[in-house]
Amino acid sequence: MKKLVLIFTLMASYSVAAQGDIDAGKLKATTCVGCHGSDGNAIIGQYPKLAGQHADYLAKQLADYKLAVTSSGALGRSNAIMAGMAAALSATDMADLGAYFSSLPISGNTTPENVIAIAEPLYRFGDSERGIAACIACHGPRGNGTSLSGFPKISGQNAEYIQLQLQAFRAGTRNNDLNAMMRSAAAKLSNDEISALSAYIGGLH
């Protein structure tokens with residue numbers, strides 16, 4: 001009985017921590033402004049917009065950055081800049097930051113007309129002959145993803161950032177995706193397809 005009480009207590013504590021505190025996250029986000037903008041919408045294309053992203057996904061990425069530091073790159077997500085940022089963060093810090101950035105509205109973006117012919121069929125249907133799953137299956141018709149499944153919101157994201165991530169998945173230098181799903185899909189994409197998909201998702205919302 002005592003063991004059950006302990007388990008439920010730990011679960012309740014985790015649940016509270018996982019929700020995060022928006023106000024606390026806002027205070028902790030001051031060091032994030034340089035790359036991700038004062039409102040979570042990165043102006044520099046190589047950095048991601050954090051505004052509107054699922055809180056749990058953001059917290060997981062921060063945890064993965066920290067894991068890469070503590071495992072000397074063997075696990076997690078390696079990034080020279082984020083390694084220093086995440087190394088000192090606690091699980092509560094990560095949850096607070098996730099809650100704060102998820103509460104902010106993402107800035108608008110569009111889909112260039114010239115990428116639709118290449119990107120839309122891949123996004124909606126994939127390519128069964130090459131074994132490429134449809135992006136819509138995980139990220140949804142509007143690119144909003146699903147928080148419970150851990151699939152991120154990609155609609156409205158900076159195209160350059162998405163392109164860099166797809167290239168990293170293809171090269172295997174980013175490997176913190178669930179069941180290697182992104183690595184499997186990206187490995188079969190050409191440079192032109194990656195470029196088109198990266199620009200296409202901007203206007204899915």
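Interatomic distance, Ile136 CD1 to Leu122 CG, rounded to the nearest 0.5 Å: 12.5 Å. Leu67 contributes atom CG, which lies 12.5 Å from atom CG of Leu62 (distance to the nearest 0.5 angstrom). For the atom pair Leu197 CG and Asp192 CG, the distance stands at 11.0 Å (nearest 0.5 Å). In this structure, OG in Ser102 is found 8.5 Å from CG in Asp56, a value given to the nearest 0.5 Å. To the nearest 0.5 Å, atoms CD1 (Ile194) and CD (Gln165) are separated by 11.0 Å. The CG atom of Leu104 sits 12.0 Å away from atom CD of Gln53, with the distance rounded to the nearest 0.5 Å.
Taken together through direct or relayed side-chain contacts under 4.5 Å among Ile, Leu, Val, Met, Phe, Trp and Tyr, Ile22 and Leu97 form part of one hydrophobic cluster. Hydrophobic clustering (side-chain heavy atoms under 4.5 Å, transitive across Ile, Leu, Val, Met, Phe, Trp, Tyr) groups Val115 together with Leu189. Clustering ILVMFWY residues whenever any of their side-chain heavy atoms sit less than 4.5 angstrom apart, transitively, puts Met85 in a cluster other than the one holding Tyr57. Using a 4.5 Å cut-off between side-chain heavy atoms of Ile, Leu, Val, Met, Phe, Trp and Tyr, with links allowed through other members, Ile44 and Ile81 fall into the same hydrophobic cluster. Residues Leu164 and Phe169 are members of separate hydrophobic clusters, defined by side-chain heavy-atom contacts under 4.5 angstrom among Ile, Leu, Val, Met, Phe, Trp and Tyr.
Under the 6.0 Å cut-off for aromatic ring centres, Tyr200 and Tyr123 qualify, their centroids lying closer than that.
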Checklist entry - How far apart are the C-alpha atoms of Thr111 and Leu204, what are their side-chain angles, what is the distance that settles it, and do they pass the side-chain contact (heavy atoms from CB on, under 4.5 Å) test? => result CA-CA 7 Å; Thr111 295; Leu204 284 176; 5.5 Å; no

Indicate every side-chain donor-acceptor pair of residues 137-146 with a distance under 3.5 Å to a residue at least two apart or in another chain.
| from | atom 1 | to | atom 2 | distance (Å) |
| --- | --- | --- | --- | --- |
| His139 | ND1 | Pro152 | O | 3.1 |
| Asn144 | OD1 | Lys153 | NZ | 2.8 |
| Thr146 | OG1 | Ser149 | OG | 3.4 |

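Smallest separation of non-hydrogen atoms from Ala68 and Arg77: CB-O, 3.4 Å. The two residues Ala199 and Pro112 have their closest heavy-atom pair at O-CD, 3.6 Å. Asn158 and Tyr47 get closest at one heavy-atom pair: ND2-O, 2.8 Å. Here the shortest heavy-atom pairing between Ala42 and Pro48 reads CB-O, 3.4 Å. Heavy-atom minimum distance, Leu166 versus Ser198: CD1-OG, 3.8 Å. Of all the heavy atoms in Met181 and Phe151, the pair that sits closest is CE-CE2, 3.4 Å.
Formation of a donor-acceptor pair under 3.5 Å by the Asn41 side chain with backbone atoms of Ser107 is found in this model. Using modelled atom types, one side-chain atom of Asp177 and one backbone atom of Arg183 make a donor-acceptor pair closer than 3.5 Å. In this structure a side-chain-to-backbone donor-acceptor pair under 3.5 Å is missing from Lys26 to Tyr100.
Looking only at side-chain heavy atoms (C-beta outward), Phe101 and Cys32 come within less than 4.5 Å of each other. Residues Ile201 and Ser155 form no side-chain contact, since every pair of their non-hydrogen atoms from C-beta on lies 4.5 Å or further apart.
The existence of a salt bridge linking Arg170 and Glu193 is excluded, since no basic side-chain nitrogen approaches an acidic carboxylate oxygen closer than 4.0 Å. Salt-bridge check for Asp64 with Lys60: passed, with a basic side-chain N closer than 4.0 Å to an acidic carboxylate O.
Remark: Ala59 engages Met94 in a side-chain contact (heavy atoms from CB on, under 4.5 Å) (not counting sequence neighbours).
Side-chain atoms of Asn176 and Gln61 form a donor-acceptor pair, as typed in the model, at a separation below 3.5 Å.
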